[in-house]
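Since the structure comes first, as structure tokens, the remarks are kept for the end.
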Amino acid sequence: MSCIEACRPDLVITDIRMPVLDGLEMLSGMQARGLFPKVIILTAYSEFSYAQQAVKLGVNDYIIKPVAVQEFVRTIRKIQNLYEQEQKRIPDAIGSLENVLSNLMYGVSAADAQTEDFLEKRYGISRESKLLELLVYLGDGFAEQRERKRNGLCRVLEQKKLGFSLVELEYDRVIAAVIYRYPSRQEVERWFQNQILLQKRERRERQFSYGMLEVTWAGAVREGYQKLLPYMDWNIVLGDDILISYPRITDIRTEICIYPVELENQMKIAVCAGEQERIREILEKFQQFFSGGKMYSPKEVKESYVRFQWSLINIAKEVDGINYKKIDQKKLLDCIMNAKTKGELKKTCEELLSRMHISSEEAGALSLAVKKAQSMIHEFYADGITLNEIADRLNLTQEYLGAQFHRELGENFSTYIRNYRLAKAKELLIGTRLKQYEIAKKTGYTDAKYFARVFRECVGMSPAEYRKANR
């Protein structure tokens, strides 16, 4: 019994009748100590009672003496197959290698003794083992590209005959390959760098970010992942064909990032002039400004994007050239600051540009004063804003602004704001169940009867009739 406790064998072959302690008592003692190896009973006693007791104690096979060699071999093979099948089912209890590594990376579980034993016995991963973490950041393409990227990674890693497991970290939009059997880090890095360049030449890849670092023991994969991930945005500066290698990436010396103020000023002029193509051209120049080979830190590049886009939003808002209420500023900020590729930063510019509604034919002929007046009307029409109040805010005389308004838009201020209020009233009549006096108040009319009279004069029917006709 002391030998079994010390060696913890996978298989015990025992007789029943033995001096000091018989076989069945020994089995009971093993189970009491939490030992459950496979067991074969050899005995000359063929009584059923012995067999029945043996089965209750979890004996795997029961052989009557004298033992035929062929029968014994068959029994051993049977136990071997049973053991192999159980080993395949271990992942259901402990978790597959992918699940174990995923839980470790997410911090769901720690590398306890059971996990340590599982990794060492099944994969040869001990506490001294070196592991490579290869991260592939897919960004917005995660849902669309994950399956293809998994298959591609498996294919190239298998060609190299590496031992690996893939883990999907959906929240971060990353696929991680944890490589536990490889020749050397330097060789794998060089080889995978060539794979990235090959994929780019063949134009089969969209912009992804790649990174690699080495850790000791599986228990360190979470710490390694958290250490490497923030450095993945260096692809913004270095390009998407570079493998970000930690800690070598920390040795890069950066230059001071000088914000392109001149481009911002050009953008303001283009927005006020309503020059859509010019706006797009300046946006492209802004993006190229950070692709000139200068080594700026990714953080400073992102901060420049934030400043430039906020400037664009503010000037477009001033001239009513953007649907400001539909811009989720927090989401836009998160998209910029969490970007890890040039493509993601470019996408934020394109999405912002798509929110703008500047028409060069219409807006190009309007002065900045009239554009600002329009913007104030659209923002404060419900508060009963007047021409005099707008003129005061713009440091203009009421007469001058009124004349400019009529000259450039072809209608006077009172007609423009009345038509704008009525257009909003129509939207509320059709799209809501608000009562007539509530709609009057929301569109800048304090008197519901006056609102109804104006509505009938301009539209040709009462608000109630208009609602009924359009539902």
Side-chain angles (χ1 to χ4, degrees), residues 98 101-102 104-107 131-157 164-179 185 188-189 191-200 202-215 221-250 252 287 290-291 296-302 305 331-351:
E98 179 175 333
L101 293 172
S102 179
L104 290 173
M105 280 187 163
Y106 275 117
L131 304 174
L132 279 181
E133 291 185 52
L134 169 64
L135 306 189
V136 185
Y137 172 76
L138 275 61
D140 291 339
F142 184 84
E144 175 190 350
Q145 299 284 333
R146 64 197 297 180
E147 193 63 34
R148 188 185 69 82
K149 194 61 186 173
R150 275 188 69 104
N151 294 338
L153 275 173
C154 284
R155 185 171 61 253
V156 297
L157 294 174
F164 68 93
S165 180
L166 300 186
V167 178
E168 292 185 6
L169 299 119
E170 187 167 358
Y171 179 79
D172 294 323
R173 300 176 293 179
V174 168
I175 294 178
V178 180
I179 305 170
R185 172 179 180 163
V188 175
E189 276 194 10
W191 167 76
F192 197 78
Q193 176 65 64
N194 290 333
Q195 290 293 318
I196 296 172
L197 293 172
L198 177 64
Q199 290 166 349
K200 185 175 183 180
E202 295 178 353
R203 299 184 180 276
R204 294 187 305 202
E205 284 286 351
R206 56 185 292 166
Q207 286 189 333
F208 296 141
S209 180
Y210 299 90
M212 183 177 287
L213 98 167
E214 190 172 48
V215 297
V221 291
R222 175 176 170 80
E223 182 184 352
Y225 177 71
Q226 291 176 331
K227 190 178 292 183
L228 175 59
L229 189 61
Y231 286 93
M232 300 283 282
D233 56 9
W234 268 97
N235 278 123
I236 291 171
V237 178
L238 300 175
D240 60 312
D241 56 352
I242 297 294
L243 175 68
I244 305 302
S245 176
Y246 184 92
R248 196 161 63 241
I249 189 67
T250 61
I252 291 182
Q287 293 171 66
F290 298 100
S291 302
Y296 301 136
S297 78
K299 182 176 181 291
E300 288 185 316
V301 173
K302 292 177 183 181
Y305 268 78
K331 182 180 178 182
L332 177 59
L333 180 63
D334 287 344
C335 287
I336 294 173
M337 296 311 294
N338 293 328
K340 296 190 181 301
T341 66
K342 291 180 181 178
E344 287 182 321
L345 287 178
K346 182 179 180 180
K347 187 176 179 181
T348 64
C349 292
E350 291 174 347
E351 289 184 352

Query raised in the report: For Lys302, what residues pass the salt bridge (charged side-chain N to carboxylate O under 4.0 Å, His left out) criterion, not counting sequence neighbours?
Result: Asp233

Report summary line: Smallest heavy-atom separation, Leu345 atom then Ala339 atom, equals CD2-CB, 3.7 Å

Report summary line: CG of Leu166 to OG of Ser102, rounded to nearest 0.5 Å, is 11.5 Å

Report task. Have a look at Leu131 and tell me which of Leu213, Ile179, Val178 forms a side-chain contact (heavy atoms from CB on, under 4.5 Å) with it. Result -> Val178

Query raised in the report: Between the side chain of Glu214 and the main-chain N/O of Leu132, is any donor-acceptor distance below 3.5 Å?
Result: no

**Report entry** Nearest-0.5 Å distance that lies between atom CE in Met212 and atom CD1 in Ile249
**Finding:** 14.0 Å

Query raised in the report: Taking side chain as C-beta onward, heavy atoms only, is Thr250 less than 4.5 Å from Tyr231?
Result: yes

Query raised in the report: Any side-chain heavy-atom pair from Met232 and Leu135 closer than 4.5 angstrom?
Result: yes

Report summary line: Residue set satisfying side-chain contact (heavy atoms from CB on, under 4.5 Å) with Asn338, at least two apart, ordered chain then number -> Asp334

Requested in this report: Taking all heavy atoms of Leu157 and all of Ala177, pick out the closest pair and write down the distance.
Outcome: CD1-CB, 3.9 Å

**Report entry** Ion pair Arg185/Glu133, N-O distance below 4.0 Å
**Finding:** no

Query raised in the report: ring pair (Phe, Tyr, Trp, His ring centres under 6.0 Å) with Phe164: which residues, sequence neighbours excluded?
Result: none

**Report entry** side-chain contact (heavy atoms from CB on, under 4.5 Å) evaluation trace for Val136 with Leu153
**Finding:** CA-CA 9 Å; Val136 185; Leu153 275 173; 3.9 Å; yes

Report summary line: So CD of Gln195 and CG of Leu243: to nearest 0.5 Å the spacing works out to 11.5 Å

**Report entry** Lys342 side, atom NZ; Gln287 side, atom CD - distance, nearest 0.5 Å
**Finding:** 10.5 Å

**Report entry** Any residue meeting side-chain contact (heavy atoms from CB on, under 4.5 Å) with Arg173, in chain and number order, not counting sequence neighbours
**Finding:** Tyr137, Asp140, Phe142, Glu344

Query - Euclidean distance, Asn235 CG relative to Thr341 OG1, rounded to 0.5 Å - result: 7.5 Å

Query raised in the report: Should the heavy atoms of other residues, nucleotides or ligands under 6.0 Å from CD of Gln226 be counted, would the total exceed 12?
Result: yes

Query raised in the report: Of the non-hydrogen atoms in Trp234 and Ser297, which two are nearest, and what is the gap between them?
Result: CH2-CA, 4.2 Å

Report summary line: Applying ring pair (Phe, Tyr, Trp, His ring centres under 6.0 Å) to Phe290 and not counting sequence neighbours gives Phe286, Tyr305

Query - side-chain contact (heavy atoms from CB on, under 4.5 Å) assessment of Tyr210 paired with Gln193 - result: CA-CA 9 Å; Tyr210 299 90; Gln193 176 65 64; over 6 Å; no

Report task. Before giving the answer on side-chain contact (heavy atoms from CB on, under 4.5 Å), spell out for Lys340 and Ile236 the whole-Å C-alpha distance, their side-chain angles and the decisive distance to 0.1 Å. Result -> CA-CA 6 Å; Lys340 296 190 181 301; Ile236 291 171; 5.6 Å; no

Report summary line: CD1 (Ile175) and CD (Gln145) are apart, to the nearest 0.5 Å, by 9.5 Å

Requested in this report: Just jot down the side-chain contact (heavy atoms from CB on, under 4.5 Å) partners of Leu333, sequence neighbours excluded, or say none.
Outcome: Val306, Trp310, Met337

Requested in this report: Report yes or no: do Ser245 and Glu189 form a side-chain donor-acceptor pair below 3.5 Å?
Outcome: yes

Query - Reference residue Tyr225; test side-chain contact (heavy atoms from CB on, under 4.5 Å); the match among Val221, Leu229, Leu228 - result: Leu229

Requested in this report: Could you please spell out the steps behind the salt bridge (charged side-chain N to carboxylate O under 4.0 Å, His left out) verdict for Glu351 and Lys331?
Outcome: CA-CA 12 Å; Glu351 289 184 352; Lys331 182 180 178 182; over 6 Å; no

Query raised in the report: So, for Cys335 and Thr348, which heavy atoms are closest and what is the spacing to 0.1 Å?
Result: CB-CG2, 3.9 Å

